[in-house]
Amino acid sequence: GENVEQHPSTLSVQEGDSAVIKCTYSDSASNYFPWYKQELGKRPQLIIDIRSNVGEKKDQRIAVTLNKTAKHFSLHITETQPEDSAVYFCAARGSNYKLTFGKGTLLTVNP
Amino acid sequence: GAGVSQSPSNKVTEKGKDVELRCDPISGHTALYWYRQRLGQGLEFLIYFQGNSAPDKSGLPSDRFSAERTGESVSTLTIQRTQQEDSAVYLCASSRGTGDEKLFFGSGTQLSVL
């Protein structure tokens, strides 16, 4: 089955700096890669996703890049703000249509 | 419905008791997942239902855990003879299924085993 590795497990940045979270996956047939944000005490919510026929996708301060050859994808947050502080999870949909999540990255944005 | 609904929101039980957690997915969603999230930890996959296919039970941690789903609607997660290490938030999520994988999460059931 699919295996997703996520790094780093914790990330601390100063407000205004950029943050990058990286994930790798194992199933070369995976074709859908979402990112979820989970604020403290709340449910995970989808913030951005990308499909395997696209190399990059942007939504305001958030962007995701995908390298199919290397089987890795990354989340980029620019001009970070304190409200970006949360746990971020990457995921990959494997050939059995099941979403597999990474272990999460705790992002702290210091004012 | 408006979203994925889980009940109860909180459950406190004594060690050794059985508990049943309920999930109502969004109407029309064929895929349904159960995850366990311990405090400060990631999303631990438990079980995945997709339409009428046999469920993927590969994440269930022991035979004390089981889950059922009635057609493409309600799902229940049952934990028998609960142990203290079962204490966690149990999250349910659903999606339209094949071709549309956007996953929507419920607010979870906080299970505390005393």
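Only a predicted model underlies this, so the values are computations on that prediction, with no experimental measurement involved. Convention: sequence-line order gives letters A, B, ...; per-chain numbering from 1.
Residue A:Glu79 places its CD atom among 12 or fewer non-hydrogen atoms of other residues, nucleotides or ligands, all under 6.0 Å distant. B:Glu14 CD: 12 or fewer foreign heavy atoms inside a 6.0 Å radius. The environment of CG in B:Leu39 is sparse: at most 12 heavy-atom neighbours from other residues, nucleotides or ligands sit within 6.0 Å. No more than 12 heavy atoms of other residues, nucleotides or ligands shown are found within 6.0 angstrom of CD on A:Gln60. When the shell of 6.0 Å around CD of A:Gln81 is examined, it contains more than 12 heavy atoms from other residues, nucleotides or ligands.
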- Message: Run B:Phe104 and A:Gln45 through side-chain contact (heavy atoms from CB on, under 4.5 Å) and show every step you take.
- Response: CA-CA 7 Å; B:Phe104 295 85; A:Gln45 293 198 309; over 6 Å; no
- Item | Derivation and outcome, side-chain contact (heavy atoms from CB on, under 4.5 Å), residues A:Thr100 and B:Tyr48 | CA-CA 11 Å; A:Thr100 300; B:Tyr48 164 57; over 6 Å; no
- Query: Stepwise, does the side-chain contact (heavy atoms from CB on, under 4.5 Å) test hold for A:Leu99 with B:Leu103?
  - Reply: CA-CA 9 Å; A:Leu99 269 178; B:Leu103 206 57; 3.8 Å; yes
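Interface residue A:Pro44: backbone and side-chain heavy atoms are both found under 4.5 Å from chain B. Neither the backbone nor the side chain of B:Val89 comes within less than 4.5 Å of any heavy atom of chain A. In this structure, chain A has heavy atoms under 4.5 Å from both the backbone and the side chain of B:Leu43. Heavy atoms of B:Glu44 lying under 4.5 Å from chain A are absent altogether. For a residue to count as touching a neighbouring chain, one of its non-hydrogen atoms must lie under 4.5 Å from one of that chain's; by this rule B:Ser58 touches chain A with the side chain only.
With sequence neighbours excluded, the residues satisfying side-chain contact (heavy atoms from CB on, under 4.5 Å) with A:Glu39 are A:Lys37, A:Lys42, A:Ala86.
Atom-to-atom distance recorded for A:Phe89:CZ and B:Tyr35:OH is 10.5 Å, nearest 0.5 angstrom.
Residues A:Arg43 and B:Ser107 share a closest heavy-atom pair of NH2-CB, 3.4 Å. Residues B:Leu91 and A:Gln38 share a closest heavy-atom pair of CD1-NE2, 4.4 Å.
Two different hydrophobic clusters hold A:Tyr32 and A:Tyr25 under the rule that ILVMFWY side chains link at heavy-atom gaps under 4.5 Å. Hydrophobic clustering (side-chain heavy atoms under 4.5 Å, transitive across Ile, Leu, Val, Met, Phe, Trp, Tyr) keeps A:Leu46 apart from A:Phe73.
A cation-pi arrangement is present between A:Lys98 and B:Phe45 under the rule of less than 6.0 angstrom and at most 45 degrees off the ring axis.
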